[in-house]
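Everything on this sheet refers to the single structure shown next.
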Amino acid sequence: QQTVQEALCQTEAPEETDKFYQDVIEGLTSEFKRLPSKYFYDQQGDRIFQQIMACDQYYLTRCEAEILKNQREQICETIRDGDDSFEIIELGAGDGTKTVHLLDGLARRGKSFRYLPIDISGNILNELTDNLLAQNPELDIEPLEGEYFEMLDQAVSLSALHKVVMFLGSNIGNMPPEDALQFCTRIRQSIMPGDMVLIGFDLVKDPYTIRAAYSDEQGITNAFNLNLLKRINTELGADFNLNLFDHYCSYDPLTGACKSYLVSQRKHTVSFPSAQIHFNEGECIWMEISQKYSLSQISQMALNSGFEPISTFTDSKGWFADVVWKA
Ligand code: AVI
C-alpha cells in the first residue's frame, strides 16, 4: 500500500484542481481504494444522471415525483405554515424536475416566496433557471453556485425571512449515515427556530428492487461510474483504461447500505503526472453509497439533529419518503 506522499512524489498538484487532485490521490492510496461520488457531476456526469433518472429500474425519481405531484397541496400547507412570504432554499437542486410541482403549487396559492437553488454545477443551475422561468416567468429565483453550506450561510445572511430548506432526491443517501446526521445538524445550526426542512429519503425495501436500480442492464450506471475515471484522466492527467474496470453494486439489507464499486479486471498500474496507483485483479474502488432508511430511523435522525418531525409523505408503493421537520 502506498502512502499519499509516496504517490504524490515530490511534484506539486496543478493548482486549480488541487482539492479534486488531493481527494482523488488520498482516496486511491487509502487501504480500500475509494473516490468521492460528489465528483461524478461534470457536464457529462449530469447528462448520464439524467438518463439514469429516466431509466425504468431507477424508481427513486418517479416515486418522489409522485409524492410531490399528488400530495403537493398537503406539503405546501405544511411547509408554508401561515407565513406570508418566505424563502425556499434547495440544496443540490439539479435540473429542477423534482421541484417544479412544488413551486407550481406554492405559486398557485398566491403566497410570495423566493426560490434559491444551490448546486455545485453551474451547468445544471443554468438549465434549471431556464426551465423554471420558461414555465413561470414571474418566479423569483436566485441561483447560487457553490458548496452547500457556504451558500446556505450566505442565503441565510441575506434576509430574515422564514426559510424552508429542501434536500430532495435521496441526495442525503449519498452520505454514510453518520455524515448524514452531521449534515442535518449543520443545517439546523444554520437556520432559525421555526424554519423547516423538506428532505427526500429512499426507504428500505426488497433488496432486488434496490440492486436493480443501481445495476441497470443498459449499462448507464456503469457509464456513470466510469465517467469519473474519464474526468480524472482529462482534468488530472491520469491514464485510466476504462475498459479495465467494470461496475459492481452491493446492497446489505442489515445496514441499508447500497454501495457501488468499479472492479479492476486485471493487475495493472494507473499513472498520474506525479503518482502511480497499482491495482490487483479484482481490486475494487468504492465509488458511492446510496443509503436506504426505515421511517423510524428517519424520525430518530430528526430528533438527533435537533429537529421536530412534523409530517411524512410517502408514495403509493411506500418506497420513498419526503419528510418535513421543524427547527
Ligand atoms: C443523486 N443520488 C441520489 C443518486 C442515488 O440514487 O444515489 C445517484 C446515483 N448513483 C447511481 N444511480 C444514481
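Ligands are counted one by one from 1 in listed order, and the atoms in each one are counted from 1 as well. Starting from 1, each residue takes its place in the sequence as its number.
Between Phe240 and Phe272, the ring planes are perpendicular. Angles over 60° get that label, and only those under 30° would be called parallel.
The neighbour count for Gln154 CD, taken as heavy atoms of other residues, nucleotides or ligands under 6.0 Å away, is above 12.
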*Using the side chain to side chain donor-acceptor pair (under 3.5 Å) rule, take Gln297 and Gln291 through it: C-alpha gap first, then chi angles, then the decisive distance, then the call.*
CA-CA 12 Å; Gln297 287 169 329; Gln291 182 69 35; 5.8 Å; no

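Aromatic ring centres of Tyr148 and Phe167: separated by under 6.0 Å.
Between Ile124 and Gln50, the closest side-chain pair of non-hydrogen atoms falls below 4.5 Å.
Residues forming a side chain to side chain donor-acceptor pair (under 3.5 Å) with Gln74 (at least two apart in sequence, or on another chain): none.
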At less than 3.5 Å, what protein N or O atoms come close to the N or O atoms of ligand 1? Include the distances to 0.1 Å.
residue	atom	partner	partner atom	Å
ligand 1	2 (N)	Asn174	OD1	2.8
ligand 1	6 (O)	Tyr58	OH	2.5
ligand 1	6 (O)	Tyr214	OH	2.5
ligand 1	7 (O)	Asn174	ND2	2.8
ligand 1	7 (O)	Ser290	OG	2.7
ligand 1	10 (N)	Glu288	OE1	2.7
ligand 1	10 (N)	Glu288	OE2	3.3

